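Taking it in order: structure first as structure tokens, then the write-up.
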Number of protein chains: 2
Amino acid sequence: MDKKELQEQRMKGYFIDATKEILKSEGLKSLSVRNIAEKAGYSFATLYNYFPDVKHLVFYCVRDFREECRAYVQSRLEGVTKGKKRIRAIVLAYMEYFVQYPGIFELFFIEKLSDIDHQKETAGLIVHFLQELCEEDWAVCAAKKVYTDVDIQLKQSQLSIITTGILVLYMHRNTPGNYKACISLVNAQMDQILN
Amino acid sequence: MDKKELQEQRMKGYFIDATKEILKSEGLKSLSVRNIAEKAGYSFATLYNYFPDVKHLVFYCVRDFREECRAYVQSRLEGVTKGKKRIRAIVLAYMEYFVQYPGIFELFFIEKLSDIDHQKETAGLIVHFLQELCEEDWAVCAAKKVYTDVDIQLKQSQLSIITTGILVLYMHRNTPGNYKACISLVNAQMDQILN
DNA sequence: TTTATTTTATGAACAGTGTTCAGTAATTTT
DNA sequence: AAAATTACTGAACACTGTTCATAAAATAAA
């Protein structure tokens, strides 16, 4: 029983790791079942003994990438005082991560979650992730009465919308034309929101 | 010479019209070369005598949908006074159009423009479209000194970012959960921007 | 240890995708 | 009417995700 479970989790891990590797390097469009299976060291048919379809496999990666992104963001936060200042730092690091890995960006913001079972769950993981990263700092702002609770809710929503909008426009519509201008744009929007 | 050109444009039109029809009804994922060609009344191979590949064909549709969207927006503008009020009406109608046609939304905001030749051109058509729709009203605001020129530039940028962000989150991440809440969100954001 | 049973892994096959190309059909020019 | 050019098309290729019967391996029973 226990052994079986361990072996199954290990096998799933091989396929998930292979998928993550391809997503990070080549991106979503280069991903294929045969591709993944070869990197995992198994036949493409074996994959279907552990995942109902490739979409399930792909969205298992979301959980891992969330943690990877969280670690990336936290590594850029040392010495930054909690509150408004750190929210800005979190947002910048968060966006930097997705700019660095366009495949993960596409997975998080572009790819349609057609699966009915886990669609809402996965969407929630993605949509509330930034808010989760900033949770402590919003709490600090609330405690220090920097913003009202209603304000905070509005600002959280604005951050989610603006990061999504800027990332999509920059990554897929080349607007603005370079990364520096993109960061300037983020900072300008943050000035407005956090004032 | 002239006749050849006319015939060629007609043929292109058949394929473009077929593509538009599928995009509006079925969406991007249901689009295929054989699909398009059948609706156009020709073999799939014939398509390649008029377009280098299917991506070129698809992005010819952007021009047509822009005009269709423009007409849709303008039909919802009768009696609305120019300026701030009409900017809000334009944004709402603009977003309504894309919510109505998810396939066109995907084409405008999601699909990667990989083609090197027309990539920048098509991206520009999409990115500056909303600004173009509001141009007259921003001019009115500028003339009436409602906003400074610098403010207007910032607000235009904000509108582009926020409409993109909200549409992506609503259409692909089911956030917020229903259309009414989505419109409320847009209005709240517009309150902030246009104050 | 040998046999029987269950579990796991796999390649062939299917229906779909975009694209290329040789060849046929239609049109235009001579 | 014959020759040359142009337009159209189905077969074929290399992919895609997915299913399934079968072969291989591991486990259980004798």
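Below, chains carry the letters A, B, ... as their sequence lines are ordered, and counting in each starts from 1. Computed from a predicted structure; not experimentally measured. In what follows, every heavy atom counts, from backbone to side chain, and hydrogens, waters and symmetry copies are set aside.
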Check: A/H172/A/E106 side-chain N/O donor and acceptor closer than 3.5 Å: yes
Residue met sooner reading DNA chain D from 5', once A/P52 and A/N35 are mapped to nucleotides: A/N35
Distance, rounded to the nearest Å, where B/K55 contributes NZ and C/dT17 contributes C1': 13 Å
Touch class at under 4.0 angstrom, heavy-atom based, for A/L57 against every strand present: nothing
Sugar-phosphate, base or nothing in reach of A/Y50, heavy atoms under 4.0 Å: sugar-phosphate
Cation-pi, B/Y101 ring and B/K24 (6.0 angstrom, 45 degrees): yes
Lys/Arg-Asp/Glu bridge criterion (N-O < 4.0 Å) met for A/D17, A/R10: no
Rounded distance (Å) that lies between atom P of C/dT17 and atom CD1 of B/I22: 11 Å
Whole-Å distance separating the CD1 atom of A/I36 from the C1' atom of C/dA9: 17 Å
Whole angstrom value for the distance that separates P of C/dG18 from CZ of B/F15: 13 Å
Whole-Å gap separating P (C/dT7) and CG (A/L6): 18 Å
Sugar-phosphate, base or nothing in reach of B/L31, heavy atoms under 4.0 Å: sugar-phosphate
Between C1' of C/dT29 and NZ of B/K3, the distance in whole Å: 13 Å
Whole angstrom value for the distance that separates C1' of D/dC8 from CD of B/Q7: 14 Å
Charged N-O contact under 4.0 Å between A/K55 and A/E111: yes
Rounded distance (Å) that lies between atom P of D/dC8 and atom CG of B/N49: 7 Å
Donor/acceptor link under 3.5 angstrom from B/R34 side chain onto base of C/dG16: no
Pair A/Y97 + A/F65: ring centers closer than 6.0 Å: no
Result block: side-chain N/O donor-acceptor pairs under 3.5 angstrom for residues 124-139 of chain B, not counting sequence neighbours:
unit_1 : atom_1 : unit_2 : atom_2 : d
B/H128 : ND1    : B/G124 : O      : 3.2
B/Q131 : NE2    : B/Q156 : OE1    : 3.3
B/E132 : OE1    : B/R66  : NH1    : 3.4
B/E132 : OE1    : B/R66  : NH2    : 3.1
B/E132 : OE2    : B/R66  : NH2    : 3.1
B/E132 : OE2    : B/R70  : NH1    : 3.2
B/E132 : OE2    : B/R70  : NH2    : 2.9
B/E136 : OE2    : B/K82  : NZ     : 2.5
B/D137 : OD1    : B/G83  : N      : 3.0
B/D137 : OD1    : B/R86  : NE     : 2.8
B/D137 : OD2    : B/R86  : NE     : 3.2
B/D137 : OD2    : B/R86  : NH2    : 3.1

Contacting residues from residues 38-48 of chain B, given that a heavy atom lies under 4.0 angstrom of DNA chain C: B/F44, B/A45, B/Y48
Sole candidate of B/Y179, B/F108, B/Y170, B/Y72 that passes ring-ring contact (aromatic ring centres under 6.0 Å, His included) when paired with B/F98: B/F108
Residue B/M11, side-chain heavy atoms: nucleotide from D/dC8, D/dT6, D/dG17 that is nearest: D/dC8
